Novice: 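Take this structure first; my questions come after.
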There are 4 protein chains.
Amino acid sequence: MLEQSSHPRSLKAKDSVLCATTELLMEGGLPAATVDAISARSGVSKATIYKHWPCRTAIAAEAFGKQMAAAIPLPDKGNAVDDLTEQVRWVSAFYAGPQGAVFAQLLAACVTDPAASPYFREYFLDARRAAITSLWQRALDRGEVDPAISAETATDALFGPLIFRLLTGHAALTPEEADKISSACLRGLLAS
Amino acid sequence: MLEQSSHPRSLKAKDSVLCATTELLMEGGLPAATVDAISARSGVSKATIYKHWPCRTAIAAEAFGKQMAAAIPLPDKGNAVDDLTEQVRWVSAFYAGPQGAVFAQLLAACVTDPAASPYFREYFLDARRAAITSLWQRALDRGEVDPAISAETATDALFGPLIFRLLTGHAALTPEEADKISSACLRGLLAS
Amino acid sequence: MLEQSSHPRSLKAKDSVLCATTELLMEGGLPAATVDAISARSGVSKATIYKHWPCRTAIAAEAFGKQMAAAIPLPDKGNAVDDLTEQVRWVSAFYAGPQGAVFAQLLAACVTDPAASPYFREYFLDARRAAITSLWQRALDRGEVDPAISAETATDALFGPLIFRLLTGHAALTPEEADKISSACLRGLLAS
Amino acid sequence: MLEQSSHPRSLKAKDSVLCATTELLMEGGLPAATVDAISARSGVSKATIYKHWPCRTAIAAEAFGKQMAAAIPLPDKGNAVDDLTEQVRWVSAFYAGPQGAVFAQLLAACVTDPAASPYFREYFLDARRAAITSLWQRALDRGEVDPAISAETATDALFGPLIFRLLTGHAALTPEEADKISSACLRGLLAS
DNA sequence: GAGTAACCGAGACGGTACGTCCTGTCTTGGA
DNA sequence: TCCAAGACAGGACGTACCGTCTCGGTTACTC
């Protein structure tokens with residue numbers, strides 16, 4: 001009761017909106033999450049919606065990101081190679097699944113809708129990046145990975161290829177492909 | 001892939017459209033390349049435009065792709081590391097430049113507009129992929145790279161991270177960053 | 001028939017549209033009353049226009065009908081023959097004038113555009129028919145006309161020929177011709 | 001052989017066009033008789049079609065008029081009242097039938113398409129008017145009708161009301177209604 | 001019987017209007 | 001005071017049809 005907003009209705013409205021948006025995203029992807037549709041399903045008026053978010057992509061990013069937050073677990077198999085390989089496998093499976101399409105749509109929409117980018121980053125990328133950073137730090141502590149490479153760079157190296165494939169659809173995101181990518185990145189492309 | 005009509009007018013119309021689209025893309029990015037705007041500037045009617053392309057994104061992909069085709073040269077520095085590093089540097093510079101934004105918009109639009117994907121692939125990705133494949137083959141012949149890794153996978157590994165950054169904007173695409181990525185991928189993420 | 005919206009803006013928009021449409025009809029007839037043109041001149045968006053009317057012909061019918069409502073007066077010369085003759089003369093003069101062409105275009109358009117028919121009837125024909133019915137009743141009361149003939153039939157008999165001529169243009173609509181028609185209808189075609 | 005065009009192909013083309021147009025009119029009314037549709041079905045190119053007719057309405061008028069030419073017989077019941085009543089009944093039945101709608105569409109289209117009017121008059125109205133003129137002359141000879149009224153005026157008086165109803169749809173065109181109109185016109189509207 | 005000219009099918013094209021859709025702002029009246 | 005309800009301007013979409021034009025092959029007259 002203490003920490004809630006002075007206007008509890010705001011909170012209820014936000015929740016309704018996010019909930020309705022999630023449903024719409026599940027049913028028809030980002031194109032279905034029209035502001036009008038969100039308003040109609042949530043019972044929250046458009047004016048109120050635009051008081052809380054700058055554009056519809058932002059709503060979708062927050063709604064989808066919050067829901068996905070716990071979807072991908074942090075593995076701990078005892079060594080960096082297995083952990084990172086596992087993580088790449090998880091993420092690629094997520095991308096390949098039905099929600100991968102929504103993720104791609106959101107990512108794409110943020111290019112057009114700059115106002116939504118912070119939301120996408122906050123509710124989506126940051127969580128993932130934090131997870132990897134944690135994995136990476138563990139691996140660093142164990143001396144398993146190259147200390148000259150930042151977690152940032154490692155994240156890009158491991159997940160960039162997956163996102164590339166997801167967006168262009170030039171190749172499938174099967175577990176085998178995911179393994180090829182993670183092993184290539186981990187061991188390096190050069191001949192030893 | 002494109003059928004050449006028996007009527008030479010077709011060719012003139014297509015050229016006008018592509019030319020106008022390129023101009024519009026330069027001036028205002030993908031959002032400016034409205035079908036109406038393309039029609040108005042090219043003098044080609046909308047009906048005709050829609051006879052040649054399935055949607056506006058396809059036009060933009062073809063126009064932009066054709067123009068970019070020769071923009072990125074194939075380096076030949078005598079060894080794989082330098083060649084691939086150079087290529088990554090070129091591509092990231094391109095992405096970081098003004099046309100990188102248009103590229104990102106196109107890539108994003110293809111997610112929404114599946115009909116445009118083939119055009120984007122044909123006029124954009126394939127050229128790049130072919131270039132890398134050629135570099136990769138040269139490196140393979142010299143025994144400089146891991147023969148267990150396909151050119152496909154290598155391409156994803158090297159350019160996926162750049163595209164990831166371009167789209168999410170979570171980090172700059174400076175030459176230094178590009179070098180970090182290429183070196184990380186080339187040498188591998190693991191400690192040696 | 002028209003629901004008045006709780007939002008007064010609706011009324012303003014409708015007024016603007018009808019006003020702009022009337023102007024366009026005067027300037028270039030029905031072909032000039034494009035939905036785009038109406039939208040541009042009235043400052044009302046196409047979407048809003050299509051919320052109020054089913055098709056452009058309906059707008060034109062309402063606009064033109066409302067304006068014409070009071071254009072033709074109800075004569076009262078003391079006897080049926082003079083009243084009806086006068087009315088036919090008025091109407092034929094109206095048809096022969098510049099607005100007759102618009103009337104014909106509207107009537108014709110309603111054939112193609114069934115959705116517009118109710119509008120044309122409500123805002124155009126009904127007013128005329130009511131006027132004749134009133135005249136006819138007066139004449140009936142005075143015993144001047146055949147009580148076996150309904151006002152409906154009389155209206156058709158008196159104005160049908162004018163409309164026939166207006167549409168096919170097979171003969172002029174001069175006052176003399178109007179008199180010939182009204183006298184023929186009134187006295188009957190048969191020899192006495 | 002002597003009087004045929006120097007290029008018999010023209011004749012075949014005209015025939016094909018008229019035939020195809022008639023079919024289309026039967027199937028979907030005037031809206032279905034698109035120039036493209038006529039061209040496709042007849043196998044005659046659009047360029048050739050436009051060599052023979054000024055606009056599509058003209059084609060439809062000629063096609064439909066030729067086909068309808070003999071559809072309405074000239075009655076001869078021995079006296080004017082019966083002949084004219086019968087004729088009005090026939091015509092109203094025709095208007096009320098499926099082809100009446102096409103007739104109305106054609107009549108309406110000629111308002112918009114002035115170039116088609118001569119075709120409509122030649123292939124449609126003239127035949128009807130000639131029939132009535134012949135009936136009227138016979139009645140005049142027998143002294144059955146008012147010699148001060150021209151066949152022209154009589155035609156307008158008798159058929160104008162039917163066309164008025166056909167176009168506006170404000171009342172049905174049942175045989176009973178047709179009889180009411182013809183008797184009203186024939187006997188006059190005034191009380192005797 | 002070959003040459004030549006008119007003609008024709010096929011259909012691409014510019015133009016114009018259509019009616020739909022969605023966004024983000026703004027207004028109103030009720031809670 | 002705050003909000004749902006939803007009207008609204010703006011602007012792009014993709015479609016349809018018109019009447020014109022261009023092309024290359026065919027036909028039917030001419031020599």
Side-chain angles (χ1 to χ4, degrees), chain A residues 6-10 12-13 16 31 33-37 39-40 42-51 53-57 113 115, chain B residues 5-14 16 31-40 42-56, chain C residues 5-14 16 31 33-40 42-56 113, chain D residues 5-10 12-13 16 31 33-40 42-51 53-57 113 115:
Chain A
S6 55
H7 293 281
R9 286 202 275 175
S10 285
K12 213 176 65 186
S16 304
T34 303
V35 180
D36 283 311
S39 170
S42 66
V44 173
S45 83
K46 286 169 66 179
T48 305
I49 292 176
Y50 279 107
K51 248 175 218 156
W53 291 274
C55 62
R56 78 178 186 118
T57 314
D113 251 326
Chain B
S5 161
S6 54
H7 290 253
R9 298 174 75 182
S10 286
L11 296 179
K12 214 175 64 186
K14 284 198 76 167
S16 305
T34 301
V35 181
D36 283 310
I38 295 172
S39 171
S42 67
V44 171
S45 79
K46 283 172 67 178
T48 302
I49 291 175
Y50 279 108
K51 249 177 217 156
H52 289 301
W53 292 275
C55 60
R56 80 186 184 112
Chain C
S5 160
S6 55
H7 289 254
R9 298 174 73 183
S10 285
L11 295 179
K12 213 175 66 188
K14 285 198 75 167
S16 304
T34 300
V35 181
D36 283 309
I38 294 172
S39 171
S42 67
V44 172
S45 79
K46 282 171 68 178
T48 302
I49 291 176
Y50 279 108
K51 248 178 216 155
H52 290 302
W53 292 274
C55 62
R56 81 185 184 112
D113 247 327
Chain D
S5 154
S6 56
H7 291 280
R9 287 200 277 171
S10 286
K12 214 174 64 186
S16 304
T34 308
V35 181
D36 284 309
I38 294 172
S39 171
S42 67
V44 172
S45 82
K46 285 169 68 177
T48 305
I49 290 176
Y50 278 107
K51 249 176 217 154
W53 291 275
C55 62
R56 81 179 183 117
T57 314
D113 251 327

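In the text below, chain A, chain B and the rest are named by the order of the sequence lines, each starting its count at 1. The model shown is predicted, which means the values in this text are computed figures rather than measured ones.
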Novice: Please report, rounded to the nearest Å, how far the P atom of E/dT25 is from the CD1 atom of A/Ile49.
Specialist: 13 Å
Novice: Determine: side-chain N/O of C/Thr48 to OP1/OP2 of F/dA9, distance under 4.0 Å, yes or no.
Specialist: yes
Novice: Is D/Arg56 close enough to F/dG19 that one of its side-chain N or O atoms is under 4.0 Å from OP1 or OP2 there?
Specialist: no
Novice: Would you kindly give the NZ-to-C1' distance between C/Lys12 and E/dT28, to the nearest whole Å?
Specialist: 13 Å
Novice: Return the 5'-most residue of the pair C/Val44, B/Cys55 with respect to DNA chain F, ranking by each residue's nearest nucleotide.
Specialist: C/Val44
Novice: Which one, F/dA12, F/dA4, F/dC8, comes nearest to the side chain of B/Asp36?
Specialist: F/dA12
Novice: Any base atoms under 4.0 Å from D/Ala47, or only sugar-phosphate, or nothing? Heavy atoms, all strands.
Specialist: base
Novice: With a 3.5 Å cut-off and just heavy-atom distances, do the side chain of A/Lys46 and the base of E/dG24 make a donor-acceptor pair?
Specialist: yes
Novice: C/Ile38 and C/Ile49: which non-hydrogen atoms are nearest, and at how many Å?
Specialist: CG2-CD1, 4.0 Å
Novice: Find which nucleotide of DNA chain E each of B/Lys51 and C/Pro54 is nearest to by heavy atoms, and output the residue with the more 5' nucleotide.
Specialist: B/Lys51
Novice: From C-beta outward on C/Tyr50, which listed nucleotide comes closest to its side chain: F/dC13, E/dG19, F/dC18?
Specialist: E/dG19
Novice: Give me the atom names and distance for the closest heavy-atom approach of B/Val44 to B/Ser16.
Specialist: CG2-CB, 4.0 Å
Novice: Between B/Ala37 and C/Ser42, which is nearer to the 5' end of DNA chain F once each is assigned its nearest nucleotide?
Specialist: C/Ser42
Novice: If each of D/Ser45 and A/Asp113 is mapped to the nucleotide of DNA chain E with the nearest heavy atom, which maps nearer the 5' terminus, i.e. the 5' end?
Specialist: D/Ser45
Novice: To the nearest angstrom, how far is B/Lys14 atom NZ from E/dA12 atom C1'?
Specialist: 14 Å
Novice: Taking only side-chain N and O atoms of B/His52, does any of them lie within less than 4.0 angstrom of OP1 or OP2 on E/dA12?
Specialist: no
Novice: Which whole-number value in Å describes the distance from C/Trp53 CH2 to F/dA7 P?
Specialist: 14 Å
Novice: Which heavy-atom pair separates D/Pro31 from D/Thr34 by the least distance, and what is that distance?
Specialist: O-OG1, 3.6 Å
Novice: Restricting to non-hydrogen atoms, name the atom on C/Arg56 and the atom on C/Ala33 that form the minimum distance, rounded to 0.1 Å.
Specialist: NH1-O, 3.1 Å
Novice: Taking D/Ser45 for the side chain and D/Thr48 for the main chain, is one N or O donor matched with an acceptor at less than 3.5 Å?
Specialist: yes
